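This report refers to the structure that appears directly beneath it.
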Amino acid sequence: MHTPHERDGNAGLAWGLLIAVLVFTTFIAYMRLPPAALPDTAPPEAYSAARAFVHVEATSQVPHPAGTAENRAVRDYLLETLAEMGVDANMHRPVHDWGRSRNYGGVGIVEN
């Protein structure tokens with residue numbers, strides 16, 4: 001039979017472990033949060049969601065499937081923007097097979 005003192009010690013240990021697990025779990029959850037989005041005033045070497053969204057808006061005005069004039073316009077916009085940023089961009093033109101399916105499929109040249 002356990003004495004009251006032993007039961008109090010075991011209860012204290014159980015509570016201590018529970019609190020430690022809760023603190024550890026909260027810390028891990030906090031560390032997994034994404035960083036705050038930076039404004040367009042962020043330093044140029046830092047990623048700014050506001051600056052990036054300008055390019056998302058510019059390239060998403062109309063659908064631009066492979067092989068269309070709209071796709072070429074988006075390609076040109078991206079290449080010009082990268083050149084303005086001083087990035088040496090290369091284009092890769094592979095033949096892509098979208099697979100065989102009853103609903104869709106095809107082969108075409110894509111530009112990455």
Side-chain angles (χ1 to χ4, degrees):
M1 182 182 263
H2 296 287
T3 66
H5 181 68
E6 289 174 324
R7 276 183 285 190
D8 289 345
N10 290 340
L13 177 62
W15 279 108
L17 286 173
L18 178 63
I19 290 170
V21 167
L22 289 174
V23 168
F24 181 73
T25 303
T26 302
F27 175 74
I28 294 298
Y30 173 76
M31 294 303 292
R32 292 184 55 126
L33 290 174
L38 297 177
D40 57 356
T41 56
E45 64 275 1
Y47 174 78
S48 163
R51 283 193 303 256
F53 197 71
V54 169
H55 304 297
V56 171
E57 286 180 320
T59 59
S60 63
Q61 296 298 312
V62 295
H64 47 275
T68 64
E70 292 83 4
N71 186 262
R72 288 186 290 281
V74 168
R75 176 206 59 204
D76 292 344
Y77 172 83
L78 293 173
L79 289 173
E80 289 169 15
T81 302
L82 290 169
E84 289 170 7
M85 293 177 176
V87 175
D88 183 25
N90 297 312
M91 190 158 25
H92 181 230
R93 291 185 175 102
V95 174
H96 184 75
D97 182 357
W98 281 272
R100 292 171 183 87
S101 164
R102 290 188 315 200
N103 299 324
Y104 66 93
V107 175
I109 296 174
V110 295
E111 295 177 333
N112 296 325

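Every value quoted in this text rests on a predicted model; they were computed, and no experiment measured them. All residue numbers refer to positions in the sequence shown, counting from 1.
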| field | Separation between CG of L13 and CG of L18, rounded to the nearest 0.5 Å | value | 11.0 Å

| task | Working to the nearest 0.5 Å, report the span between CE of M91 and CG of L78. | result | 10.5 Å

| task | Using atom types as modelled and distance alone, determine if a side-chain donor or acceptor of T68 lies under 3.5 Å from a backbone N or O of H64. | result | no

| query | If you measure from CG on L82 to NE2 on H55, what distance do you get to the nearest 0.5 Å? | reply | 8.5 Å

| message | Please say yes or no: joined through hydrophobic side-chain contacts below 4.5 Å, possibly via intermediate residues, are L33 and I28 part of one cluster? | response | yes

| field | CE/M31: more than 12 non-hydrogen atoms of other groups inside 6.0 Å | value | no

| field | Partner set under side chain to side chain contact (heavy atoms under 4.5 Å, CB included) for P63, not counting sequence neighbours | value | P65

| Cluster link W15 to L22, ILVMFWY, side chain under 4.5 Å | yes

| task | Apply side chain to side chain contact (heavy atoms under 4.5 Å, CB included) to F53 and list each qualifying residue two or more places apart in sequence or on a separate chain. | result | V56, E57

| What's the spacing between M85 CE and E80 CD if we round to 0.5 Å? | 12.5 Å

| query | Which side-chain hydrogen bond (donor to acceptor under 3.5 Å, both in side chains) pairs, counting each pair once, include a residue from residues 37-53, with sequence neighbours left out? | reply | none

